[in-house]
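Please read the structure below before turning to the comments.
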Amino acid sequence: MASAAQASTLAPVAVPVASIEAAVHLGTKEFIKGFIAGQVTLGVLIFFLVKVFFFRSGHETRIELARKKNMRKLYEPKVRIPISPHAIESQILAKTLYDVHAHPIETCDWLNVLVAQTITKYRNDNGFNNRIVHVLDEVLNGHTKPGFLGPIHITDFSLGEEFPLVKGVKIRFSEPNANLRTEIQFEFDDQVTLGVETQVLVNWPKACIAALPVALTLSVVKFSGTIAIEFVTHPDTPETYLSFSILNDFALEFEVRSLLGHRTKVKDLPKLASLITSKIRSVFVEEVVWPSFKRMNIPSFWGDAEDLVVREELEDLVEEIKHA
């Protein structure tokens, strides 16, 4: 009887499955609550630590902003010590690994193709050709036209069919202790043509007593030489410009066809052709052959006149960033 009672006492008690699931669910919820509370506490602690050690208090911030507003001062870039243009360009050559004495002449085939594409575009643009003819007509009939010439009419205009070719490019000093100069060797064999007709008026003993009809066609058939491009900076002023000139080794050849007379016509007078070509050549030498040159000013990308525009663009950019 005693053993039977002991066996009945030690028999396992069955626990319902629903109770186990409830206990697990309760433990999971408590764990999640504790995890979230810990993370929130850690975040609050980190926030206060950052605020204490890295941020200024609101009162101190207002004082500092007021002080800086009253003492506002623009940053001034470092003033560079002025050095000679020759020294500057020697530094450029050293940093770009260009030896003006040993570097070979460079070909520019890619530039020839690019120039040819550009010229072709303008040659095929009827509007562009019409504008050139219109400008030439205004110049030829402008206030510089002599009084003994009648109205000048353009009868022919052509930009040719061939393209200028760059044969080589070399950089060297124009003179000892002077600026660097880019020398571009080029060649252009074509026929760029301008034809005009007018009348030479005989104004004595009275105005327009007679007139000699004249028809001229001028073609540039060969133009070759070396273009010199130099970056010039004046040591005493901030003025900077590019100078363009043709060196003295150029070749410029013309073809002149002429027709003079009314009933009896005289064709291609050599003396007239020589007079016209010598005059054009002398003007060309006087205007662009070294030491004469044409200059192109280097624009200022941020001058005083552009300050307001640049400021407005920056303000617009800031507003776009704010609303992005």
Checklist entry - Can you say whether the rings of Phe128 and Tyr122 are parallel (under 30°), tilted (30 to 60°) or perpendicular (over 60°)? => result tilted
Checklist entry - Minimum heavy-atom separation for Gln199 to Ala211, with atom names? => result OE1-CB, 3.2 Å
Next on the checklist: With heavy-atom distances below 4.5 Å as the criterion, would you say the side chains of Thr226 and Asn248 are in contact?
Outcome noted: no
Checklist entry - With ring centroids as reference points, do Phe223 and Phe284 lie under 6.0 angstrom apart? => result yes
Item to check | Smallest separation among heavy atoms of Val232 and Ser243, with atom names | outcome: CG2-OG, 4.1 Å
Checklist entry - Is there a donor-acceptor contact under 3.5 Å from the side chain of Asp137 to the main chain of Val133? => result no
Next on the checklist: I want to check something: taking the side chain as every heavy atom from C-beta on, are Val196 and His153 in contact at a cut-off of under 4.5 Å?
Outcome noted: no
Checklist entry - Do Leu212 and Leu260 come within less than 4.5 Å of each other through their side chains, counting heavy atoms only? => result yes
Next on the checklist: Is any side-chain heavy atom of Leu247 closer than 4.5 Å to one of Arg181?
Outcome noted: yes
Next on the checklist: Tell me whether the count of non-hydrogen atoms from other residues, nucleotides or ligands lying under 6.0 Å of CD in Glu138 goes above 12.
Outcome noted: yes
Item to check | Minimum heavy-atom distance Ser245-Ser292, with the two atoms named | outcome: CB-O, 3.3 Å
Checklist entry - Does Asp125 reach the side chain of Arg131, with side-chain heavy atoms less than 4.5 Å apart? => result yes
Item to check | Backbone N/O of Ser158 and side chain of Thr193: donor-acceptor pair under 3.5 Å | outcome: no
Next on the checklist: Main chain of Ile152, side chain of Asn141: is a donor-acceptor contact present, judged purely on distance under 3.5 Å?
Outcome noted: yes
Next on the checklist: Check for me whether the distance between the ring centres of Phe163 and Phe188 falls short of 6.0 Å.
Outcome noted: no
Checklist entry - Lys121 versus Ile119: any side-chain heavy-atom pair under 4.5 Å? => result no
Checklist entry - Are Leu149 and Val200 close enough, and set up right, to give a side-chain contact (heavy atoms from CB on, under 4.5 Å), and what steps lead you there? => result CA-CA 5 Å; Leu149 287 181; Val200 178; 4.0 Å; yes
